[in-house]
Amino acid sequence: MEIPKTYDKNREAQIYERWEKSGYFRADARSEKTPYTVMIPPPNITDKLHMGHALNNTIQDIMVRFKRMNGYEALWVPGTDHAAISTEVVVMKELAKQGITKETLGREGFLEKLWEWNEIYGGKIISQLKTLGSSCDWDRQRFTMDDGLSDAVLEAFVRLYEEGKIYRGERLVNWCIKCGTSISDAEVEHEDRQGHLYYFKYPVAGTSDFIPFATSRPETMLGDTAIAVSPKDERYAHLIGKTAIIPVADNREIPIIADHYVEPEFGTGAVKITPAHDPNDFEVGLRHKLPCINILNGDGTVNENGGKLCGMPREAAREKVIEAMTALGLYIKTDTITHAVGAHDRCDTIVEPLVRLQWFVKMDELAKPAIEALESGRLKFNRERFAKVYMNWLNNIRDWCISRQLWWGHRIPAYYCDCGHVMVQKTAPAACEKCGAASLAQDNDVLDTWFSSALWPFSTLGWPEKTPELEKFYPTDILVTAQDIIFFWVVRMVFMGEKFMGKTPFTHVLINGIVRDEQGRKMSKTLKNGIDPLEIIEEFGADVLRLMLVSGNAIDSDTRFFRERLEPARNFLNKLWNATRFVMMNLEGLGYRDCKIASLDGFGVEDRWILSRCASLTAEVTEKLETHEIGLAVQKIVDFIWDELCDWYVEMAKPRLYGRESEDSRRTAQITLCNVLNTAFKLLHPFCPFITEDLYLALGSTLGGASDGGELGETIMRSAWPAVSAELIDPSAEKAIERVKEAVRGIRAVRTEKQVPPSQKIAVVIVPADSQAKELFTSTKAALALLSGAGEVSVHEPSAAAPTGAVSVVASGATIYLPLDSLVDSEKERARLTKEKKRLEQEIERIDAKLGNEGFVAKAPQAIIEAEREKRGNFAAMLVKVEEELRGV
RNA sequence: GGGCGCAUAGCUCAGCUGGGAGAGCGCCUGCCUUACAAGCAGGAUGUCGGAGGUUCAAGUCCUUCUGCGCCCACCA
């Protein structure tokens, strides 16, 4: 049988295609099995997927595949997000290259372009997810703007409106002058920037007095409607109630008021109040019933309220105001300060607070069940600190501005009549229900993209229809996402889920870290440091990428992407490939059609050892996956396969496989290898789905195409997860093999020290510590010989005398003699044994100190104390042997 | 202003509920041993950031300091 020496990664595509064709990814709403549901965080159709998506989707796939093999009706719903503003910006940029603007195309024409874009990028994303191996149920693929989800959005909007939880009002919103739309608080990024703090003074009407103040935005003087001072501030007490004059605004007079918002220590202790352009001032304005003068247009230019400055951009207007005030002798000074300014997260333009008529979701009542969900434990985060982030946001939540002055998105279902009546309903009304007029205008705005994603866990299952899917698969089990969208998305899904479904949309939130570049920077388009997952998959295969992404990192911490980190992953898969290849080459004459083990009769101690280790591994990996400790789970699998299985057991089995021992022993080695490999394939399958499928099927067909209820049958992904077989766990076999390993390591070390080449087979004499050890070394003689490069191994009686002219190695179960004749140098032997003696004495001393400590003996757990005593006994016995040897040298 | 994270071998990082410091890469030595040189065997390397504390026992828990990084926030 010809099997290539390395795994062919190009087979991944075929394997995926077969899975898809066979319907293995489908979940059935009518199944009797317990559901396990995961909703993909729908990637934005702005671009193809990046490395962060690769990690995020790998984690989801691991959980889904794990649960599917565990007998759950596992459903992973895939889909994409229209990403309102982000996509609109990207498409506008593309169109600009052709000299087209959205205005020239008109609303209809522009939306057509966006749907075309969606065809291309939505498709790319889906094909990337498939390349990665994602086992999504593609029959259920959704898009946030498809008909069903759009209907859900309308339904949610109308219901919230009817309950008074959505309202329209003039509020101060974050306005992006570049995008020409309002944005939510969450979309504003604060950063410290250098700026100026300008000091001016206004004359106080009817007096010769002036009131000084500081501002970082002088142009807003045009919209000032008061000057506020602290009620406790004696300096200005006499001015309260008087009016100040704004010379640059046609000498408009504004009241001087007292408000606790003012900090007397900052600036001059007096603050100009511009309710239309500052959130604090807006609040002050409400308290004092001040007028609100909006001085800016949506594009950032000064409007008609700015008088002579009308039409001027905000920066230019600022200069003009400063000039004018200086000319009037009302300028005092300028300080340089660093202060936090808000910028739009999509375009980095400084956000302008503006009063606008917008739609809002009233958050106070909606937030309560979301807070309660976490407090009651219905909702859990993988790390406590993420729960804190979630809580902090909810406890300080403000109303959510949901209207956006864009075209790409769900258009707000509000219809306006000239008579002033407003109708909010799912379908356009034929006429005004109040005055009967037929000419109605729909609201021009669309909804914040997160409004539709907030409904994702149930809108994807058919809500508001009562579908069997919704009944079966909601609520979902786990949400895997990154920390940066806890407020944007996680919080909102929770309160919408609580609101419309009466249930928390998921029980576990698994926050994964960010994939950074090798310098630890975030991968971004501007830095051009992004790495395309497809390129990596092309070169190494999806299994290698997946393995690398989840290895060697805690799931919640950020990880750096190095190409060098791919190699260990590739090497490991190559190791597994070759180990399997080796086993398959040695299966001749087995005569079994599967690899089940009914009884351990006739199995060697090394067989029982590896089966025991494999059973422990199964238990550990299962437990780690249940608790979402993915990195720890995969590490255990890799260590087991490479170290215990390949480096020890396979080597130990060789003499038996090569037919140098009995036919029965060969068969038990074969069956053990098949059994352990089969388990290893399954445990590794969620992480590396392709290679494990290939090997599982190859091993199955070598055994004769066994078909016993799916085992080694048609696909690994629908096979049963290995059962945790407690009966296979055998501490005595594990202890025994540890003794053999210790002996082998001792011999190898001596060989290296004496520079005996591997080709030189040396004789080994073993004097076991007791009769049990004698039996052990007798039965593993051939394996030990192979592992230590020995020509002949003879096991003597426990009481046998030491051979002369030999190097001795004292191990736990035996003293081993290597008759190396000419190589033996008694000086060196004495030194070596003395060193060993010292080491043992130190160990014993350390344990004695511990056991001599009253506190330890009184308070430490019994098992810990016992283990220390046992170790001491072992060291003491070895010390006696070493001293004996020392006397003989 | 508030909150959080990180600091462990030359590098990148594991180390879950406290019980004798680990992996990969790199480095040194020797090997093409009939599965694998993408490999095998042997080896060197750490006051687990500093200082206190709790405990029989601290990389692990508490306090504090230092240095990086992140998030939230309306000081004009």
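As the structure is a computational prediction, the values presented were derived from the model and not from experiment. Every chain is numbered from 1 and lettered A, B, ... according to where its sequence line falls, protein lines coming before strand lines.
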Could you list, one pair per line, each protein nitrogen or oxygen that sits under 3.5 Å from a nitrogen or oxygen of nucleotides 5-12 of chain B, together with the distance?
none

Self-check item: Sequence-distant partners of A/Trp648, ring pair (Phe, Tyr, Trp, His ring centres under 6.0 Å), two or more places apart
Solution: none
Exercise. List in chain and number order the residues that pass side chain to side chain contact (heavy atoms under 4.5 Å, CB included) with A/Lys201, two or more places apart in sequence or in another chain; answer none if no residue qualifies.
Key: A/Phe210, A/Pro212, A/Leu330, A/Ile332
Self-check item: B/rA14 base / A/Glu629 side chain donor-acceptor hit below 3.5 Å
Solution: no
Just distance, no hydrogens or angles: give the donor-acceptor pairs under 3.5 Å from side chains in residues 632-645 of chain A, sequence neighbours left out.
| residue | atom | partner | partner atom | Å |
| --- | --- | --- | --- | --- |
| A/Gln635 | NE2 | A/Asp639 | OD1 | 3.2 |
| A/Glu644 | OE1 | A/Arg613 | NE | 3.3 |
| A/Glu644 | OE1 | A/Arg613 | NH2 | 3.4 |
| A/Glu644 | OE2 | A/Arg613 | NE | 2.9 |

Under 3.5 Å, which protein N or O atoms sit close to an N or O of nucleotides 70-72 of chain B? Give each pair with its distance.
none

Practice problem: Provide the distance between the two C1' atoms, one in B/rG30 and one in B/rG15, to the nearest whole Å. | Solution: 33 Å
Nucleotide N/O to protein N/O under 3.5 Å, stretch nucleotides 53-64 of chain B:
| residue | atom | partner | partner atom | Å |
| --- | --- | --- | --- | --- |
| B/rC56 | OP1 | A/Lys859 | NZ | 2.1 |
| B/rC56 | O2' | A/Asn853 | ND2 | 2.8 |

Quiz prompt | Residues that A/Phe540 engages under ring pair (Phe, Tyr, Trp, His ring centres under 6.0 Å), provided they are two or more places apart | solution = none
Practice problem: Name the closest nucleotide to the A/Glu651 side chain, picking from B/rU33, B/rA76, B/rA35. | Solution: B/rA35
Quiz item: More than 12 non-hydrogen atoms from neighbouring residues, nucleotides or ligands closer than 6.0 Å to CD on A/Glu870, yes or no?
Solution: no
Exercise. Please confirm whether the backbone N or O of A/Arg217 pairs with a side-chain atom of A/Arg314, one donor and one acceptor, at under 3.5 Å?
Key: no
Quiz prompt | Pair pattern of RNA chain B in dot-bracket, where unpaired bases get dots and | marks partners in another strand, Watson-Crick or G-U under 3.5 angstrom | solution = (((((((..((((.....[..)))).(((((.......))))).....(((((..]....))))))))))))....
Quiz item: Between the main-chain N or O of A/Pro264 and the side-chain N or O of A/Arg235, is there a donor-acceptor pair closer than 3.5 Å?
Solution: yes
Self-check item: Side-chain donor or acceptor of A/Asp543 paired with backbone N/O of A/Ile691 under 3.5 Å
Solution: yes
Quiz item: Any salt bridge (charged side-chain N to carboxylate O under 4.0 Å, His left out) pairs touching residues 854-866 of chain A, not counting sequence neighbours?
Solution: A/Glu866-A/Arg869
Quiz item: With sequence neighbours left out, which residue pairs that include part of residues 211-232 of chain A fulfil the ring pair (Phe, Tyr, Trp, His ring centres under 6.0 Å) condition?
Solution: A/Tyr202-A/Phe213
Quiz prompt | Contacts of A/His508 that satisfy ring pair (Phe, Tyr, Trp, His ring centres under 6.0 Å) - sequence neighbours left out | solution = A/His628
Quiz item: Are A/Ser557 and B/rA14 close enough that a side-chain N or O sits under 4.0 Å from OP1 or OP2?
Solution: yes
Exercise. Give, ordered by number, those residues of residues 747-754 of chain A having at least one heavy-atom distance below 4.0 Å to an atom of RNA chain B; if nothing qualifies, reply none.
Key: A/Arg748, A/Thr752
